[in-house]
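Structure record follows, encoded as structure tokens.
Values below: every heavy atom of this structure, side chains too, minus hydrogens, waters and symmetry copies.
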Amino acid sequence: MVIGGVVAQIKTPTLSENPLNFHFCRHWNPLFLSRSTFENKFLLSTQFSGDLSDHQDMDTSNPAVFVNAELLRLYVGRRVRALIQVVRTEGGTVIGKSTDENQLVVKGSPPFPLTKFVEVIGIADGEKSIHADIWNNFGETIDTTTYNQLCQLANGDFKHLFI
């Protein structure tokens, strides 16, 4: 398996092993597939064929701050990201519960269907409101306590690591 020029050795599972044990190594050889009869491993490798001049770095000029409902008031008018549990939808508005158990209102054009947990990225247009331009479905279960702790770290002693 090739992941961005990095090659994964995929060990075929036996009945006593977990499926798909990945081991990463760098190879810059033409495409080949070989099998070791003694270790029962497949190795897939590829030559990087992309043009590095086309490479674009992540845009860090306008980062989105991790927030919960309590922290949102500090960033009105700025780009933020928040995780909400969808409570209900009303037209283009989603009412949700933030990771700190407070209500948030999210406006915009959400994709449908929404999962139970959604991360939104957009502009904080009020103390409890976000106008989202990016909606990421996060599924039906997530550890909201850990995400809330991430928000607190990203706005506390470790702020310099996030913004």
Side-chain angles (χ1 to χ4, degrees), residues 1-8 10 19-28 31 44-163:
M1 175 179 302
V2 178
I3 304 170
V6 175
V7 177
I10 303 171
L20 295 179
N21 295 318
F22 293 99
H23 307 283
F24 293 95
C25 61
R26 290 207 176 271
H27 287 279
W28 298 101
L31 182 64
L44 180 64
S45 178
T46 188
Q47 181 177 0
F48 177 75
S49 61
D51 180 2
L52 291 178
S53 65
D54 290 342
H55 176 73
Q56 295 180 3
D57 291 325
M58 181 188 314
D59 180 12
T60 58
S61 63
N62 192 16
V65 182
F66 284 93
V67 296
N68 56 25
E70 179 185 344
L71 294 165
L72 185 63
R73 63 182 171 75
L74 302 173
Y75 298 100
V76 173
R78 295 203 33 215
R79 191 163 178 77
V80 296
R81 73 185 330 134
L83 178 69
I84 62 167
Q85 178 180 346
V86 176
V87 174
R88 68 181 182 276
T89 59
E90 298 172 357
T93 302
V94 174
I95 309 301
K97 185 169 65 169
S98 178
T99 56
D100 61 357
E101 302 293 320
N102 293 311
Q103 181 175 298
L104 280 178
V105 176
V106 185
K107 304 168 197 163
S109 302
F112 288 102
L114 289 175
T115 58
K116 183 176 181 179
F117 292 96
V118 178
E119 182 187 52
V120 294
I121 302 171
I123 304 298
D125 62 355
E127 290 189 4
K128 298 292 180 185
S129 175
I130 299 171
H131 188 281
D133 54 0
I134 299 173
W135 301 73
N136 298 313
N137 279 326
F138 267 33
E140 302 304 313
T141 60
I142 191 167
D143 184 353
T144 57
T145 302
T146 301
Y147 194 98
N148 196 55
Q149 289 172 339
L150 173 65
C151 293
Q152 293 167 353
L153 287 172
N155 287 278
D157 292 340
F158 299 99
K159 187 176 187 173
H160 64 282
L161 296 174
F162 293 90
I163 300 177

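The side-chain heavy atoms of Arg79 and Ile121, taken from C-beta on, include a pair separated by under 4.5 Å. The closest side-chain heavy-atom distance from Val94 to Val118 is not below 4.5 Å. With contacts defined as side-chain heavy-atom distances shorter than 4.5 Å, the pair Gln152/Thr99 does not qualify. Between Gln103 and Ile95 the shortest side-chain heavy-atom distance falls below 4.5 Å.
Pro110 approaches Gly108 most closely through the heavy-atom pair CD-O, 3.3 Å. In terms of heavy-atom proximity, Pro111 sits nearest to Leu114 at O-CD2, 3.2 Å. Minimum interatomic distance between Asp125 and Lys107 (heavy atoms only, all atoms of both residues): OD2-NZ, 3.3 Å. Considering all non-hydrogen atoms of both residues, Ala132 and Val106 come closest at CB-CG1, 3.7 Å.
Here CD1 of Ile130 is found 5.5 Å from CG of Leu104. Values are rounded to the nearest 0.5 Å. Atom CG of residue Asn148 and atom CG of residue Leu83 lie 9.5 Å apart, to the nearest 0.5 angstrom.
Under the side chain to side chain contact (heavy atoms under 4.5 Å, CB included) rule, Phe117 has a single partner from Asn136, Thr144, Ile84, which is Thr144.
With sequence neighbours excluded, no residue satisfies salt bridge (Lys or Arg N to Asp or Glu O under 4.0 Å) with Glu140. Applying the salt bridge (Lys or Arg N to Asp or Glu O under 4.0 Å) rule to Glu119 yields the partners Arg81; only residues at least two apart in sequence or on another chain are considered. Scored by the salt bridge (Lys or Arg N to Asp or Glu O under 4.0 Å) test, Arg73 finds no partners at all (sequence neighbours excluded). With sequence neighbours left out, the salt bridge (Lys or Arg N to Asp or Glu O under 4.0 Å) criterion links Glu101 to Lys97.
Sorted by first and then second residue, the pairs that involve residues 82-93 and meet side chain to side chain donor-acceptor pair (under 3.5 Å), not counting sequence neighbours, are Arg88-Glu90.
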Report all side-chain donor-acceptor pairs from residues 155-163 shorter than 3.5 Å, counting only partners two or more places apart or in another chain.
| residue | atom | partner | partner atom | Å |
| --- | --- | --- | --- | --- |
| Asn155 | OD1 | Tyr75 | OH | 2.4 |
| Asn155 | ND2 | Phe66 | O | 2.7 |
| Asn155 | ND2 | Cys151 | O | 2.7 |

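Asn102 and Ser98 form no side-chain donor-acceptor contact under 3.5 Å, judged by distance and modelled atom types alone.
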